[in-house]
Structure formats: C-alpha cells, structure tokens
Engineer: 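The structure follows.
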Protein chains: 2
Amino acid sequence: MDETAPQKGTVTQRAIEQIKTMIAEGRLEPGQRLPTERDLAVQLGISRSSMREAIRALTVLGVLEARHGSGIYVTQLQAGDLLETFGVVADLSRGPRLVELLEVRRILESTATALAAARITADQLAEVEKHLTAMNATDDPDEILAHDLAFHREIAVAAGNDTMAAILEGLSSRTFRARVWRGYQEEGAFARTRREHAAIHRALAARDPEAARAAAAAHVGEVEEWLRAQLAG
Amino acid sequence: MDETAPQKGTVTQRAIEQIKTMIAEGRLEPGQRLPTERDLAVQLGISRSSMREAIRALTVLGVLEARHGSGIYVTQLQAGDLLETFGVVADLSRGPRLVELLEVRRILESTATALAAARITADQLAEVEKHLTAMNATDDPDEILAHDLAFHREIAVAAGNDTMAAILEGLSSRTFRARVWRGYQEEGAFARTRREHAAIHRALAARDPEAARAAAAAHVGEVEEWLRAQLAG
DNA sequence: CCGGCCATAGTGGTCCGACCACATCGAAGA
DNA sequence: TCTTCGATGTGGTCGGACCACTATGGCCGG
C-alpha cells in the first residue's frame, strides 16, 4: 500500500546506492561539495548515524572525500582514487592467489612496458634511469624496494593508460611486494634482478616494444616461477 | 608521555587497519566469526558507532560479512569477494577512461581466452556453446546481454585464474556493459558480434590458443575502436 | 587604508543509550 | 520423538549531545 517504502536491504546500503547513482547520473560532479551529513540524512529520510556509515563506505572506496570541519566532496574519480582499494586484495591474498596476482601482473606489465617503449618521452626515460641507478647504488632493502616500485610505476605511466597504471600500482602494493620480494631476494636474486631491469631499460631506450614486452614478462615471470616453486615445496 | 596514544588519523580508520592487520597476520581466519560489535568496540577502546563504521567499510570491501541476528564473519577472501568493488570503477567511469578500461579488458580477455583454449574441458565448452546459441536465438537485448556476459564468464573461468576472472567480471559489470553496448548494437553490430563470438568458440573447440587470443582481441577491440570514435566525434 | 589576528558559526568526528528486527537454540508441549 | 514457540543475543537504526577542526568575516593595530 505504501508506495514510499521500497524496503530492500539495509537503509545504509540503500543510501550508498543512491549517492552512487547520483554521481553516475551526473547529478554530482567530481570535486563538488555535498550537503552536510545532517542535511543528507534528512533528504534520504534516515538517521545521521546510518548516513555516516554510507559516507564512510564511499570514502574507503575512493568515491567521496571527507574533510574535517569543511565538508564532504566527490573525488576527482581518477583511476588512482577508485583503484586505491585494489591494494587490499594483494595484501590479504596468500598462497595460490599470490601466483594468480603475479600472473595478472605479468600480463599487464609486459603489455604496459611494450606500450611504454613506443611512447616514452625523453624526460620519462631519464626518470626511469634515475631509479635504475639509485636502485643499484644502495644495499638498503627498503630503498631498493622503493626505487623498484618507482621504476615500474614510471614505465606504467609512460604507457599512457592511467587505469592500467593504477591497477599495476595495486598489484605492486608495498606490503604485497615486501612479502614476496623478501624471500626472493634472500636467494641471491639481486644480480638477476639487476640484469632484468637493465634489459627492460635497454629495450625502452631502443624504443623496441617487442623486446620490452619480453623483458618485462621474463622479469615478472621469474618471481612467479619462484613463488610457484615455494608453494609446491 | 602516554605510550598508549598513537593518535594517527580517525579512530575509525585505525580500527579498519587493525582488523585488516589481524586478518593479514592470520589471527582471523576466513569464515571465522568475530566478537560482537559491542565487544570489539571495547577491545579497541572506541565507541560502537565508530566500530560500526569500520565494519561497514570492511563489509563493502568484501572482507567482512555481517549477518543480521547472527554475527560478523570474515569472508572466504576469494577473488570474487574482494574484487566485487571493482565494478564501481566501471560504473563511475566516463569518457576517455571507458576506453582505458576496454583496453585493459582487451589485454586480459585475449590472454584469458588463449589460456582457456588450452585448458577448457568438454563440459565447460558445452556450457559456452549453450550461451552462444541462446544469445543468437533471441531478440531481447537484456537476454542477449545476459548470455553475452555468461559466455565470456565461462571462458574466463576456464582459463583457470580466478583472480583474472574476477577482474574481468568487474570490467564487464552489467551497468557498464549496458551503457556501452546499447549504442554499439544500435548501429547494427549484431551480425558482427555473432561472427566474432562464433570465431572465439571455434578457436576454443579447436584448442587453438593463438587463434583464440586473436579472436578475443579483435572482439573487444571492435567495441574499443567504436567507442574511441564516438568520443572523438 | 591595509594587513594580520581572532571570535564565531558551521562542519565532520566521536560517543552514549535506547529500541527494533532478526537468527538461534533450548525448553515445553503434542 | 518431533514440533512449536518463547527467551536470548546479535546486528540495524535512531536521536541527541559534545568535541575537534575549518573557514569566514569583522575587528584591531599598523
């Protein structure tokens, strides 16, 4: 009888969907400021508590951004904003799924590196070189890891597909990488890693997409195979 | 002075990290039941409201599952659970990022189809055929879309990498696909789509990975090019 | 007239206590 | 023995209060 009561799921879930829909339909533009929590709660006919849960949920998804004392804003909805949560997948995965993640990364990373070889600018190539030399100049594992990440990140950006770069960023999240790399590097894989990085850089400098694809695939594939062997043993 | 007050970020954010850490460190196993919201709040020294926000956030991320009247449980942490949110990226993306998403899908889908050609079982192939014939036997756009999705989902599963399948599932989310497909099919692309699907199936039946890769890449690439042209015009 | 300071209003962040809706399980009954 | 149903405990929702922070604009001193 009551046409104003759809009543599906929790009110919070409903609020999440409604806000998402407002954004998808363009009624809320990126960067725009939303009404206050109190006003939004009244508009959707729910309590402030439930509205806050909905806002919090959309915040962790990278859709909204809450600024204490200022207001709630729609993010720019950039690939990086929305795919930030992708890292939790990598962080909470163990065993066989780690191999699957590396397989996905190998596929994307090799393609991204190939694209980068064709499109990379001189400035970007210089930046890649910087991280390559810095990586080879130190013994601190943390520093090596940081430059390793930056090395691949620069390449992914140079590929020109921000979405792909954001996904690769998640697949290489710091904690994920640290867990796998630690064991890998302990087996004296430093030299091999350096050779592979050098090969990737060489292919980029030569603007050779096929060589770049092969080098990147081999690079990730090495770790993949090592991890596979670890799990089997 | 007070060593018990780290005080970084909001208490809710801290609670989210703490629960995530507990799971990452194995102190909480998949499927396990957590203490009640009230108890958890006491344990972490925060209010029930803040704890609820943290739980809600982890729920939308697919890490936790709240069952009304029963309790809060850790999900199985399957790829599908954690990558469900991937769909929101597709749903909230517009313009150039749609092309980027299709590019990622083309890369992954072509590889997945190639893997499927090598690994697919007779039963799985029969399932693929079922959706192919069903897709060609109806004129209802919604039904076509549903079978189209199922067609590619079966292939992705047959590839043997659940993580990749889950990502592809997100990249083909219903609302995303509906938005792009609508315009694409309006231009009489039905016949072409059928030919491409038939080619993919033929490659799978022939257990020919290279042909499967090419057919899948062409299939997604067609839509990609069409969308690129739409945006340019 | 100008610039920096500061009171104030408004916002998100946190907490509390109450009640409701639902799932579960055991005791009472057929 | 099986079924029923009530008691208990759980997540879901609500309303209000207060705290922490931002931003604004007027005031004061220069």
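Reminder, nothing fancy here: chain letters follow the sequence lines and each chain counts from 1.
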Engineer: When you get a sec, tell me which of C/dC15, C/dT11, C/dG13 is the closest nucleotide to the side chain of A/Ala66?
Structural biologist: C/dG13
Engineer: Taking CD from A/Glu65 and P from D/dC21, how many angstroms apart are they, rounded to a whole number?
Structural biologist: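 Answer to the nearest Å: 17 Å.
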Engineer: Are B/His152 and B/His219 an aromatic pair by the rule of ring centers under 6.0 Å?
Structural biologist: yes
Engineer: Once you round it to whole Å, what is the distance between P of D/dG11 and CG of B/Leu40?
Structural biologist: 8 Å
Engineer: Looking only at side-chain N and O atoms, does A/Arg33 come under 4.0 Å of OP1 or OP2 in C/dG12?
Structural biologist: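 It does not, given that no N or O in the side chain of A/Arg33 lies less than 4.0 Å from OP1 or OP2 of C/dG12.
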Engineer: Under 4.0 angstrom, heavy atoms only, what part of the nucleic acid is A/Ser49 near: base, sugar-phosphate, or nothing?
Structural biologist: base
Engineer: To the nearest angstrom, how far is B/Leu44 atom CG from C/dT14 atom P?
Structural biologist: 13 Å
Engineer: Can you tell me the distance, in whole Å, between the CD atom of A/Glu37 and the C1' atom of D/dC19?
Structural biologist: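 The distance from CD of A/Glu37 to C1' of D/dC19 comes to 14 Å, rounded to the nearest Å.
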Engineer: By the 4.0 Å heavy-atom rule, please label B/Ile72 as base, sugar-phosphate, or nothing.
Structural biologist: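 Sugar-phosphate, backbone atoms only, no base.
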Engineer: From NE2 of B/His68 over to C1' of D/dT10, roughly how many Å is that when rounded to an integer?
Structural biologist: 7 Å
Engineer: Take the protein atom CZ of B/Arg56 and the nucleotide atom C1' of D/dG11, then report the distance between them rounded to whole Å.
Structural biologist: 10 Å
Engineer: Whether B/Glu186 and B/Arg182 form a salt bridge (side-chain N of Lys/Arg under 4.0 Å from carboxylate O of Asp/Glu) is what I want to check.
Structural biologist: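 Judged by the 4.0 Å cut-off on N to carboxylate O distance, B/Arg182 and B/Glu186 do not form a salt bridge.
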Engineer: Could A/Arg228 and A/Glu225 be called an ion pair, given the rule that one side-chain N must be under 4.0 Å from one carboxylate O?
Structural biologist: yes
Engineer: Are B/Lys130 and B/Glu127 close enough for a salt bridge, meaning some N to O gap below 4.0 Å?
Structural biologist: yes
Engineer: Does a salt bridge link B/Glu17 with B/Lys20, judged by any charged N lying under 4.0 Å from a carboxylate O?
Structural biologist: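 Result for this pair is yes, salt bridge flagged.
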Engineer: Has the side chain of A/Arg48 got a donor or acceptor that lies under 3.5 Å from a partner of the other kind on the base of C/dG13?
Structural biologist: yes
Engineer: Can you tell me the distance, in whole Å, between the CD atom of B/Glu53 and the P atom of D/dT13?
Structural biologist: 13 Å
Engineer: A/Arg67 or A/Gly45: which one's nearest nucleotide on DNA chain D is closer to the 5' end?
Structural biologist: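 Nearest-nucleotide comparison on DNA chain D picks A/Gly45.
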Engineer: Looking at B/Arg52, I'd like to know whether one of its side-chain N or O atoms comes within less than 4.0 Å of OP1 or OP2 on D/dG12.
Structural biologist: yes
Engineer: Side chain of B/Thr10, base of C/dG12: donor and acceptor closer than 3.5 Å?
Structural biologist: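 No such pair is found, so the answer is no.
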Engineer: DNA chain C: B/Ser50 or A/Arg38, which has the more 5' nearest nucleotide?
Structural biologist: A/Arg38
Engineer: Measure CE/B/Met51 against P/D/dT10 and give the value in whole Å, please.
Structural biologist: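 Going from CE in B/Met51 over to P in D/dT10 covers 15 Å.
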Engineer: Which part of the nucleic acid, if any, lies within reach of A/Ser70 when heavy atoms closer than 4.0 Å are counted: base, sugar-phosphate only, or nothing?
Structural biologist: sugar-phosphate
